[in-house]
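Everything on this sheet refers to the single structure shown next.
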Amino acid sequence: MVAVTLALVGFFGFVIMRVTTPQMTTLFTDLSYEDSSGIIKELERQAIPYEIRNDGAVILVPKDKVTRLRMKLAESGMPKGGGVGYEIFDKSDALGSTSFVQNINHLRALEGELARTIKGIDRIQAARVHLVLPERPLFSRETPEPSASIVLRVRGSLEPQQVRAVRHIVASAVNGLKAQRVSIVDESGQLLANGSANDDGTDSTGDDRRTAYENRMREQVEQIVSSVVGAGRARVQVSADFDYNKITQTSDKFDPDGRVLRSSQSREESSASSDNNGQVTVNNELPGSQQQNAAPSPKDQTKKSEEINNYEISRVTKTEVTEAGRINRMSVAVLVDGSYQKNGSGDVVYVARSKDELDRIGALVRSAIGFDQKRGDQVEIVNLRFADTPTAIPAGEQNGLLGMFQFTKDDIMYFIELGVMSLLGLVVLFMVVRPLVKRILTEDSAKRALVPAALPDPVPVNTTPQIASNPNATMIDVAQVQGQVHAQSVHRVGELADRNPSETASIIRQWLAEPA
């Protein structure tokens, strides 16, 4: 009984402590040892319960105090992100430090602030930034260009636009730093950006561009198809044929109908002469000879006109530059699973999709990829049964009780835990406590049945038996005893009679001697 009592006290104490313990939730994750120690010291100062997970990288606190603690810790500048920022100048002695120390502190602060900013990007857990800011040598006309190297710890993989975003963030924050001078490496040693870009500022090869384009198109197609057939019930593969030749074409076009007068020049000449045969004689030279010989003679007149017009014909010069990376052809293969329904016996059976439904899915896919028949694009939609049969509840059934109350996963687990503890408590109550209490009450009733008979004074025992006036008092009604006392009490009375035969006989004689 002592062991059972202690077990019950311990069990109910555990249940009460478990129920009254506040629900813990995450305060911060991915903490460094310096930030974790500072946060724990602050929580102990405020007497707030906490839990440590993952070697101090995760700290849990009561759910109702998370928001207030985050604001309070943010006021104190925690967490610092595992690096040193501009707060390094808050406690430094500016009067006793040299310019070299100030420059080093400025570089450390700039690296720490950049690392904190980069950590704010999705999928990036931690970042470490190294900046090289060379000084201009004396008597040199050229200034060395700064450079940077970044090491990232990521969850999954980064997309190309995220890598470019990191490079431009660092380049914009450092004076004179170009984006193509930033190298990025992840924790596995994979080179994300090599720091030597092309003229157009991109360092991705043709295969990288093709892979990125295929992944983007596959995600778009899979997203729109999964919204129709269900999540995880479609597989999409995209293959794109790119042309990486760069073409520059220049063409001149003349329009003969489009004439424009550029310049005009006109010239006219006229002359007149008499016919004297060109003879020179003495008679002709004498005075008065001209009058004598003044007979009309024929004259020669000449007139000349010239006009010069210069015209310009319309001309169109066209230069076309076709950049590399044109899509020559695209092929899309979509594999969709059928639907699963319950038959009359309750078994889940596979039902193939109709041709009309597949045609509508194909129309959506062609619209999503920008289908061009002249280009030779091809789209194939095939309906086959997947090897793994879905066991999850359809989305329509999940929008019942959970959708109405909007319980979170933590709330559901908390209710399940309370239900299990309540069930265990009921089992212990009915299987252990109830039989124990029933046994104690039975023993008390048996003792009360024996004690009143022993209270009267003892009467001398007569050797001659006496017959009671009431015949019902001379015999024990077994049925009545069994109705009032359980079999265990009767057994207990029998044991008492075996241990004390003389007292039992005296009590029976006294019962017989009592008047009716």
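Remember, predicted model here, so these are calculated numbers, not experimental data.
- Residues Arg353 and Asp337 approach most closely at NE-O, 2.6 Å, considering heavy atoms.
- Considering only heavy atoms from C-beta on, Ile327 stays 4.5 Å or farther from Asp241 through its side chain.
- A search for side chain to side chain contact (heavy atoms under 4.5 Å, CB included) contacts involving Ala240 returns Tyr213, Glu214, Phe242, not counting sequence neighbours.
- Rounded to the nearest 0.5 Å, atoms CD (Glu380) and CG (Leu358) are 11.5 Å apart.
- Using a 4.5 Å heavy-atom cutoff, the side chains of Met24 and Lys63 are not in contact.
- Using a 4.0 Å cut-off between charged nitrogen and carboxylate oxygen, Arg45 and Glu42 count as a salt-bridge pair.
- The pair Lys374-Asp372 does not count as a salt bridge, with every side-chain nitrogen at least 4.0 angstrom from each carboxylate oxygen.
- A distance of 6.0 Å separates CZ of Arg167 from CD1 of Ile184, quoted to the nearest 0.5 Å.
- Between the side chain of Arg385 and the backbone N or O of Gly338, no donor-acceptor pair lies under 3.5 Å.
- The number of heavy atoms from other shown groups lying within 6.0 Å of CD (Gln125) is above 12.
- Between the side chains of Arg329 and Ser331, at least one donor N or O lies within less than 3.5 Å of an accepting N or O.
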Assess the residue pair Val229 and Ile361 against the criterion (side-chain contact (heavy atoms from CB on, under 4.5 Å)); give the C-alpha distance rounded to whole Å, side-chain angles, the decisive distance to 0.1 Å, and a yes or no. CA-CA 9 Å; Val229 301; Ile361 294 175; 4.0 Å; yes
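- By the 4.5 Å heavy-atom criterion applied to side chains, Arg70 and Leu27 are counted as neighbours.
- Here the side chains of Val365 and Val236 are not in contact, with every heavy-atom distance at 4.5 Å or above.
- Between the Asp377 side chain and the Gln373 main chain, no donor and acceptor come within less than 3.5 Å of each other.
- Glu187 contributes a side-chain N or O that, together with a main-chain N or O of Val154, makes up a donor-acceptor pair within less than 3.5 Å.
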Test side-chain contact (heavy atoms from CB on, under 4.5 Å) applied to Val349 and Tyr340, step by step: CA-CA 5 Å; Val349 296; Tyr340 295 86; over 6 Å; no
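- Using a 4.5 Å cut-off on side-chain heavy atoms (C-beta onward), Leu114 and Leu131 make contact.
- Salt bridge present: Glu113 and Arg116 bring a charged side-chain N and a carboxylate O closer than 4.0 Å.
- The heavy-atom pair separating Ser226 from Glu222 by the smallest distance is OG-O, 2.7 Å.
- Other residues, nucleotides and ligands contribute over 12 non-hydrogen atoms within 6.0 Å of the CG atom of Asp64.
- Between His130 and Glu111, the shortest heavy-atom distance links the atoms CA-OE2, 3.6 Å.
- Closest of all the heavy-atom pairs between Val221 and Ala368 is CG2-CB, 4.5 Å.
- To the nearest 0.5 angstrom, Ile150 atom CD1 is 4.0 Å from Ile118 atom CD1.
- Neither side chain, Ser354 nor Asp356, offers a donor N or O lying under 3.5 Å from an acceptor on the other.
- Residue Gln161 qualifies as enclosed at atom CD: its count of foreign heavy atoms under 6.0 Å is above 12.
- At least one donor-acceptor pair closer than 3.5 Å links the side chain of Asn383 to the backbone N or O of Val336.
- The two residues Pro160 and Ala212 have their closest heavy-atom pair at CG-CB, 4.2 Å.
- Heavy-atom neighbours of Arg128 CZ from other residues, nucleotides or ligands within 6.0 Å: at or below the threshold of 12.
- Side-chain contact between Arg155 and Asp122 is present, with at least one heavy-atom pair separated by less than 4.5 Å.
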Could you please spell out the steps behind the side-chain contact (heavy atoms from CB on, under 4.5 Å) verdict for Lys72 and Gln46? CA-CA 11 Å; Lys72 188 67 176 179; Gln46 299 183 16; 3.8 Å; yes
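- Listed by chain and number, the residues in a ring-ring contact (aromatic ring centres under 6.0 Å, His included) with Tyr50 amount to none (sequence neighbours excluded).
- To the nearest 0.5 Å, atoms NE2 (His106) and CG (Asn103) are separated by 8.5 Å.
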Evaluate the criterion side-chain contact (heavy atoms from CB on, under 4.5 Å) for residue pair Arg53 and Leu60; output intermediate values, then yes/no. CA-CA 8 Å; Arg53 303 280 179 84; Leu60 305 179; 3.4 Å; yes
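- Atom OG of Ser227 and atom CG of Leu364 lie 7.5 Å apart (nearest 0.5 Å).
- Counting only heavy atoms from C-beta outward, the side chains of Ile40 and Ile52 approach each other to under 4.5 Å.
- Separating the OG atom in Ser183 from the CG atom in Asn194 is a distance of 6.5 Å, to the nearest 0.5 Å.
- Only one option out of Arg210, Arg326, Arg375 pairs with Asp243 in a salt bridge (Lys or Arg N to Asp or Glu O under 4.0 Å); it is Arg326.
- Across Ser36 and Ile59, no two heavy atoms sit closer than the pair OG-CD1, 3.9 Å.
- Residues Ile121 and Val166 form a side-chain contact, since some pair of their non-hydrogen atoms from C-beta on lies under 4.5 Å apart.
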